[in-house]
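As a basis for the values below, the full set of heavy atoms in this structure was taken, side chains included, without hydrogen atoms, waters or symmetry mates. Here is how names work: the chains are called A, B, and so on, in the same order as the sequence lines, proteins then strands, and each is numbered from 1.
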Number of protein chains: 2
Amino acid sequence: MATSIEDVARRAGVSIATVSRSLRGLPDVAPGTRERVFVAARELDYVASPYAARLASGRTDAVGVVVPHVTRWFFAQAISGAERVLREAGYDLLLYNLGNGAGRERFFDRMPIRRRVDCVLVLCLPLTDAEIDSIRAMHVPAAVIGATVPGFASVRIDDVGGGEAAVAHLLELGHRRVGLISGAPDEPMHFTAPGERRRGYRQALRSAGVPVDPALEVSGDFTMDSGRVAMERLLALDEPPTAVFAESDEMAFGVLRALRAAGLTAGRDVSVAGFDDHDMAELLDLTTVAQPVPEQGELVARALLTALTRKAPPPRAETIPTRLVVRGSTGPPPAPAPRPGRTR
Amino acid sequence: MATSIEDVARRAGVSIATVSRSLRGLPDVAPGTRERVFVAARELDYVASPYAARLASGRTDAVGVVVPHVTRWFFAQAISGAERVLREAGYDLLLYNLGNGAGRERFFDRMPIRRRVDCVLVLCLPLTDAEIDSIRAMHVPAAVIGATVPGFASVRIDDVGGGEAAVAHLLELGHRRVGLISGAPDEPMHFTAPGERRRGYRQALRSAGVPVDPALEVSGDFTMDSGRVAMERLLALDEPPTAVFAESDEMAFGVLRALRAAGLTAGRDVSVAGFDDHDMAELLDLTTVAQPVPEQGELVARALLTALTRKAPPPRAETIPTRLVVRGSTGPPPAPAPRPGRTR
DNA sequence: GTGAAAGCGCTAACAC
DNA sequence: GTGTTAGCGCTTTCAC
């Protein structure tokens, strides 16, 4: 078997209690003793069994990270940020990738995460009430990104402000018919981004004295393909918009695709603004609202660590700012308006 | 505290051994007894403590997954494939995201993964000999994707064939000056993809009777930006290539960017072929060599599970085929050759 | 400052 | 088919 704490104790000529204390850096160990233990441990290439430690201490030193899809840009970014701070703090990261709907159901049904983590980080954005209850039933600190859940710590961006900035930019360029491609505002999913970005869109219109036209608002589901379909719908309108704000870059990519298919050029014929500043946004020259995703992962991880150490500090909901990145996909409306008439 | 196996035993009127056997589905339990145990467990909402089980059984039922960057498309895809089969098989997935070079060094130095997993899946492609030794020292089954390591199970694609197919396609279109943008062939990293894709490139040229011109081969490092820089170098040649094969889509994206910056159109002025079939390849209309990444993750995970159950089946190195996907970024060379002269 | 000993909550022999 | 019991390898009191 692997070398155990007893082997180290024997070699260092001390008791296993002293070995435990020394190696964990606890006080009340004479410097010389500690040194002898370190040497013995090194010589034996000793590593404490984490599972034995967990059993004895009651702590798991592990955090569960639940994501819908590791493959989606946003989640991968968030995980990497969270992983860094958790790992640094000595925590193990148990990954639960939900995948499809069936996987999601299975997870919340069986809760395989129970009893194996000290806290949970749920990046699974649209959370139903039942799912939230399942997490709550674990009785460990929990945190989310991009949503606000009572009792959970959370980190999110200023979605309203971001949406407003994007649309204000389009309006400043002279656009008056600005389309919106929103994510699905499923309720009660506690996923507030779609609704808030839309609020930002409307607020910007109102501030500019431009009437809100429901015909210009189309729903997608945050995938590229849904963006393409939505844009096709907008292009089919009698009076298509001269600019579009997509609530995510991936949907904006779909918009770009629809434009190309229609023989239109982004930034000239139709302006397009996205949201996220996806890695590919720069390549595609997409104007977008940048949000620092790895940083959100870091922040939420730190919030979790805080919840773990201190005595019940009420979970905070942090909001961090976004930044408009103007690129080539937005420009003034085409000189000869596609149709001279205005709705009103 | 949480409800323990004793609570269940008491409630079901049996011993803890019977509870253990019943819940784990072991034989030699009377159906009625098992049922009573199940009911009691359900009523108490009992979940066995995984860590106690690990201590007692010696198995960890966990696998460590080591990746350089979760955020890179390839790794995220591979993880999702592997996660699915591991989770289904009841394994926990411990994620180790190396991040930067420092993180990598720290990991292989401290090996925080020791004693906590039954096997390791290393997606960390370019592996040094020292790193491989660190993994070996764990004395658990290990597997890799995209490389071949003695003693480790592995899954990879036919890189030579893929590269050859891409370049053959370009040659068939009539191109005679075909550039190569390769990944860095760092040795001894055991990461064979760059070299093999290059071999495919050269093989295709030779088969077509086109001489290999070292001036047309430039190195990148698999990032988009390195692809952009490499393409700029190729465009600066006296006789720039009319077609380019990039060893990864991300580098090909950089190529597309360089072309646009130079006022050139992909597929008309210069043909571009990539490798991977990245999510964005379709949007960017990039001809590429598709490789099934999640499937590779699944396969390698299954190989690991096999290594875990059966008695030492010698680790296999599997190779799976690729598929050429022709899109708009490749076409015949421009009719009036940029420069009429030919090298030879 | 250090050691002895009692668990932590299971699994796995072994006995019945 | 079921129960008893001895660990698994630590942490944590509590003495000294």
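For A:Val14, the side-chain atoms get nearest to C:dG3 when compared with the rest of C:dG9, D:dT2, C:dG3.
Not a single side chain to side chain donor-acceptor pair (under 3.5 Å) links B:Asn100 to another residue, sequence neighbours left out. B:Tyr96 pairs by the side chain to side chain donor-acceptor pair (under 3.5 Å) definition with nothing, not counting sequence neighbours.
For the atom pair A:Gln77 CD and A:Gln291 CD, the distance stands at 9.5 Å (nearest 0.5 Å).
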Might you list the N or O atoms of the protein lying below 3.5 Å from N or O atoms in nucleotides 10-14 of chain C, with each pair's distance?
unit_1: C:dC10; atom_1: OP1; unit_2: A:Arg115; atom_2: NH1; d: 3.4
unit_1: C:dC10; atom_1: OP1; unit_2: B:Tyr46; atom_2: OH; d: 2.8
unit_1: C:dC10; atom_1: OP2; unit_2: B:Ile5; atom_2: N; d: 2.9
unit_1: C:dC10; atom_1: O5'; unit_2: B:Tyr46; atom_2: OH; d: 3.0
unit_1: C:dT11; atom_1: OP2; unit_2: B:Ser20; atom_2: OG; d: 2.3
unit_1: C:dA12; atom_1: OP2; unit_2: B:Arg24; atom_2: NH1; d: 3.0

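What separates CG of B:Asp28 from P of C:dC16 is a distance of 18 Å, to the nearest Å. Distance CG (A:Leu55) to P (D:dG7): 17 Å, rounded to an integer number of Å. To the nearest angstrom, P of D:dT11 lies 15 Å from OH of A:Tyr51.
In the model, B:Ser20 has a side-chain atom that pairs as donor or acceptor with a side-chain atom of B:Arg24 under 3.5 Å. If you check the side chains of A:Ser80 and B:Asn97, you find no donor sitting under 3.5 Å from an acceptor.
A 4.5 Å side-chain heavy-atom check between A:Val140 and A:Asp118 finds every atom pair outside the cut-off.
OP1 or OP2 of D:dG3 has at least one side-chain nitrogen or oxygen of B:Thr18 nearer than 4.0 Å.
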